[in-house]
Enquirer: 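One structure follows; several queries about it will come next.
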Amino acid sequence: MPTKPPSLDACYYDGLSSRRRPVRLSVAGGYLLLDGPDGGRSVLAAAVRVSEAHGTAPRTLRFAGESAFCEAGQGPALDALLSALGYRDGIAARLQNRWRWAFVSLASVGLVLLAAYLYGLPWGARLIAPHVPIAAMRSLSDEALAQLDKYLLKPTALPEERRRKLQDGFQELAAADPALARYGDSLALGFRASPRIGPNAFALPGGQIILLDELVALCDDDAEILAILSHELGHLNKRHSIRMLIQSSVVAAITAVWFGDVSYAAGVVGGALLNSGYSRDMEREADDYAAGMLRRRGGSPALLASALEKLEASHLARRAEKERDEDGKSGRIMDWLSSHPDTGERIRQLRENPAAD
Amino acid sequence: MQSDSSAVPPDDAPVEHRLQFTGTGGEYFRIWIVNLLLSILTFGIYSAWAKVRREQYFHRNTLLDGGGFDYHGDPKAILKGRIIAVALLFILSLVEKIAHDFYYPVVLVASPLVPWLMIRSFIFRSRNTSFRGLHFDFHGTYMGLCKAYLIPLIVLIVLSGTMAYFSEQAALEASRQSERAPYTGAILLGSMFGIFLLVPALLYRFKAFQFNHLAFGASRFESRFRLRSFYGIYLGVFVLLPLFAGLILASISVGIAIWAGIETREDLFAAITVLWSILKGNEILIWSLIFLGSLIYITALVVLPAWFAALLTNLVWNNTRLGKHRFKSDQTLWGVSWIVVSNLLLMLITLGLYWPWAKVRLTRYRAERAALLAVGSLDDFVAGATREKSAIGEEVADIFDFDIAF
């Protein structure tokens with residue numbers, strides 16, 4: 001005995017009025033049959049367009065080229081009717097109806113985001129960085145420097161003669177690398193003091209390198225200072241700060257979108273945590289660049305190594321002092337926030353591998 | 001089979017049809033995460049298809065009198081809209097970063113586009129929403145929107161200009177300790193207050209424009225709003241409630257002060273010193289206070305807008321009709337507060353993964369608090385003429401058929 005052909009009750013709308021007509025749906029001979037008090041009709045099975053299953057919501061069966069359609073509640077009767085019509089869900093519809101696929105998707109989203117952060121983002125930034133106009137970076141750096149001058153930096157107290165000597169050494173270094181010429185006038189050495197930052201030197205994306213008096217005082221020898229400056233020139237040559245800027249703005253934008261619904265603050269904090277300072281690879285690249293530059297000028301990478309040693313020692317001393325002063329609260333948080341490429345490893349590399357290029 | 005609405009009640013007795021929402025967080029999570037993965041893998045291109053899936057899920061799971069709503073947006077039109085929007089934003093930010101001097105002229109030249117984009121987006125959204133086979137429509141025009149906004153907008157621009165000018169002036173005079181500083185300050189405060197007072201009027205005009213141009217098939221929605229209701233919501237949520245909360249806090253602190261026997265200013269200082277010394281030694285206490293404080297702050301940030309949205313929705317629907325039928329919305333402040341605060345906490349705990357459940361909860365609440373007060377049958381609406389494709393050439397319609405709303 002043949003099984004009873006699938007059929008179920010549904011509502012029919014003609015698309016011209018909001019009138020709801022009850023119909024009974026069934027399938028026979030490759031046709032969908034509609035039968036109701038107002039009459040019946042048949043539609044070729046191939047002309048029936050079934051809506052995706054959206055949870056438990058009623059599904060629609062539309063007819064190609066018509067505004068009329070049927071609306072039917074979900075259940076085994078509808079499933080039987082649809083399979084008799086030869087209907088099968090699309091890929092995305094099947095994916096989103098299974099928990100297993102949801103978890104696979106979740107894990108994949110995590111993996112893709114991680115890979116994009118670790119590899120895609122630095123790669124993209126490296127690609128874009130050479131095309132960023134220096135003028136735009138310059139105006140950005142000027143703004144940043146103005147802010148720093150207002151809050152963190154003080155005018156230098158170095159005697160003019162000392163400054164001129166360092167300036168000459170710096171110009172000589174910069175002239176040795178033709179690739180730096182694209183920074184034009186922006187490539188300049190600026191002198192500042194900052195008891196709050198301590199001994200340091202940093203390169204701004206526009207090409208300015210700021211040397212702090214505290215660093216000059218720390219180094220016995222101008223050759224060491226010049227070694228540090230060539231490391232900073234390395235950051236400029238490789239456009240590290242432009243790359244970091246691109247990376248951190250992308251991360252900030254994405255976290256802001258993701259956490260946008262939670263709170264803007266969470267996004268900003270997330271972005272700051274993921275991105276602070278140069279990456280390990282960037283420091284190493286700048287070290288290699290400085291080592292090459294020092295060697296070409298008849299110096300030794302060991303000069304940079306000894307300067308880094310002094311910086312590290314002074315950094316540790318300052319941190320210990322700060323912890324004594326403030327019970328270490330703010331100091332500890334700042335350390336946790338700043339990415340910390342292990343200086344010891346960098347020093348060892350510079351000393352042991354003076355010939356590497 | 002007897003359809004529910006064919007039993008016609010007498011004309012004067014409206015039948016209440018509550019909206020029903022049948023979606024669940026788990027279902028939407030699966031849709032959302034698959035959408036997210038495919039959008040990432042296709043560099044955002046799939047996001048247009050994802051939007052259609054999401055809209056269809058929420059439309060189809062919203063039922064009125066047993067029948068579902070439907071969404072018909074074309075993903076390609078949405079993709080086109082997104083490309084246009086991203087390009088516009090990119091150009092604007094590029095101009096701002098690189099050619100700063102041209103930024104305001106460019107914004108000025110581009111600003112007439114904004115009402116046009118708004119109208120296109122309303123039209124797209126309403127025409128692609130249907131119920132019982134009839135599509136909604138939007139009849140607002142560019143000139144109509146400009147007219148509705150013209151006067152309040154001019155006032156707003158004048159006030160903003162005054163504010164911008166006098167805030168610089170005030171800073172300058174304050175630094176010089178000029179005698180005119182108080183007058184400048186007063187003008188500055190006045191213009192800020194003027195802007196504050198103007199916002200409800202803008203909102204009133206906007207909602208009136210939006211709802212009086214909305215149609216279901218050939219039937220137009222009609223809204224009768226009163227300006228003072230908008231001022232009522234605005235003042236209530238952003239002035240009176242914070243004031244009330246402040247008063248409660250103040251009376252609690254005064255109560256504690258009296259209970260603790262603080263009478264003179266020296267007593268107060270002493271109490272603060274004691275509190276301070278307790279705090280200073282206790283890192284856990286400090287961090288929990290900071291945590292509590294930021295929690296209250298964030299809560300206020302989400303609760304006030306949620307209250308505002310709930311009251312606005314109630315106001316709009318309770319004063320809107322469609323033919324003989326009326327609408328009702330009865331969201332309560334407690335109801336939305338509970339939902340948005342618990343959503344926020346769960347989203348923080350799950351790093352945002354709770355989002356689909358949060359969205360479903362809010363949607364369900366909003367749907368189930370809304371009702372159609374039907375007078376007679378729902379069978380009598382007919383399709384509008386705009387669905388006929390003869391009016392404009394299809395290609396032209398296709399070029400301008402995009403959705404810019406995110």
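A, B, ... follow the sequence lines: proteins, then strands. Residue 1 opens every chain. Scope of the values below: all heavy atoms of this structure, side chains included, with no hydrogens, waters or symmetry mates.
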Enquirer: Return the minimal non-hydrogen interatomic distance between A:Ala102 and B:Ile33, and the atom names on each side.
Expert: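 Taking A:Ala102 first and B:Ile33 second, the nearest heavy atoms are O-CG2, 3.6 Å.
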
Enquirer: Checking B:His72 against chain A: side chain, backbone, both or neither under 4.5 Å from a heavy atom?
Expert: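 Side chain only.
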
Enquirer: Is there a donor-acceptor contact under 3.5 Å from the side chain of A:Glu71 to the main chain of B:Gly67?
Expert: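 Judged by distance alone, no pair lies under 3.5 Å.
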
Enquirer: Taking side chain as C-beta onward, heavy atoms only, is A:Ser108 less than 4.5 Å from B:Ile40?
Expert: no

Enquirer: Rounded to the nearest 0.5 Å, how far does CG of B:Asn35 lie from OG of A:Ser105?
Expert: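 Between atom OG of A:Ser105 and atom CG of B:Asn35 there are 9.5 Å.
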
Enquirer: What part of A:Ser67 gets within 4.5 angstrom of chain B, counting heavy atoms only: side chain, backbone, both, or neither?
Expert: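 A:Ser67 has no heavy atom closer than 4.5 Å to chain B.
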
Enquirer: So for B:Tyr46, is it side chain, backbone, both, or neither that comes closer than 4.5 Å to the heavy atoms of chain A?
Expert: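 Side chain only.
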
Enquirer: Kindly compute the distance separating NE2 (A:His54) from OG1 (B:Thr62), expressed to the nearest 0.5 Å.
Expert: 11.5 Å

Enquirer: Quick check on A:Arg59 against chain B: is it the side chain, the backbone, both or neither that has a heavy atom closer than 4.5 Å?
Expert: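 Answer is backbone: N, CA, C or O of A:Arg59 sit under 4.5 Å from chain B.
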
Enquirer: Closest approach of A:Pro58 and B:Gly66, non-hydrogen atoms and distance?
Expert: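 Minimum heavy-atom separation between A:Pro58 and B:Gly66: CG-O, 4.5 Å.
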
Enquirer: With rounding to the nearest 0.5 angstrom, report the CZ to CG distance, A:Arg19 to B:Asp380.
Expert: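 Answer rounded to 0.5 Å: 9.0 Å.
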
Enquirer: Of all the heavy-atom pairs spanning A:Phe69 and B:Arg132, show the shortest one and how long it is.
Expert: CZ-C, 4.1 Å

Enquirer: Give a yes or no on whether a salt bridge exists between B:Arg60 and A:Glu52, defined as a side-chain N under 4.0 angstrom from a carboxylate O.
Expert: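 A:Glu52 and B:Arg60: not salt-bridged.
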
Enquirer: Report the distance from atom CZ of A:Arg20 to atom CG of B:Asp65, rounding to the nearest 0.5 Å.
Expert: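 It is 4.5 Å, given to the nearest 0.5 Å.
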
Enquirer: Where do B:Leu36 and A:Val109 come nearest, in terms of heavy atoms and distance?
Expert: CD2-CG1, 4.0 Å

Enquirer: About how many Å separate OG of A:Ser17 and CG of B:Leu134, when rounded to the nearest 0.5 Å?
Expert: 6.5 Å

Enquirer: Taking every heavy-atom pair that is under 4.5 Å apart, which of B:Arg53, B:Glu27, B:Gln56 has the most such pairs with chain A?
Expert: B:Arg53

Enquirer: For residues B:Thr22 and A:Thr56, report the shortest heavy-atom separation together with the two atoms involved.
Expert: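 For B:Thr22 and A:Thr56, the tightest heavy-atom pair comes out as O-OG1, 3.7 Å.
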
Enquirer: Tell me if the CD1 atom of B:Ile290 is crowded by more than 12 foreign heavy atoms within 6.0 Å.
Expert: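 Counting other residues, nucleotides and ligands, CD1 of B:Ile290 exceeds 12 neighbours.
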
Enquirer: Taking all non-hydrogen atoms of both residues, which atom of A:Ala57 and which atom of B:Asn61 are closest, and how far apart?
Expert: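 The pair with the smallest heavy-atom distance is CB-OD1, 3.2 Å.
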
Enquirer: With respect to chain B, which residue among A:Ser51, A:Pro133, A:Gly73, A:Gly55 yields the maximal number of heavy-atom pairs within a distance under 4.5 Å?
Expert: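 Winner by heavy-atom pair count: A:Gly55.
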
Enquirer: For A:Tyr87, is the OH atom crowded, meaning more than 12 foreign heavy atoms sit under 6.0 Å from it?
Expert: yes

Enquirer: Can you tell me if CH2 on A:Trp101 sees more than 12 non-hydrogen neighbours from other groups inside 6.0 Å?
Expert: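 No - once you tally the heavy atoms of other residues, nucleotides and ligands closer than 6.0 Å, there are 12 at most.
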
Enquirer: Look at atom CD of A:Gln74 and say whether more than 12 heavy atoms of other residues, nucleotides or ligands are closer to it than 6.0 Å.
Expert: yes

Enquirer: Starting from the C-alpha separation in whole Å, work towards a yes-or-no answer on side-chain contact (heavy atoms from CB on, under 4.5 Å) for A:Trp99 and B:Phe29.
Expert: CA-CA 9 Å; A:Trp99 273 107; B:Phe29 173 78; 3.6 Å; yes

Enquirer: Between B:Val382, B:Leu38, B:Leu37, which has the largest tally of heavy atom pairs under 4.5 Å with chain A?
Expert: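 Ranked by heavy-atom pairs under 4.5 Å with chain A, first place is B:Leu37.
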
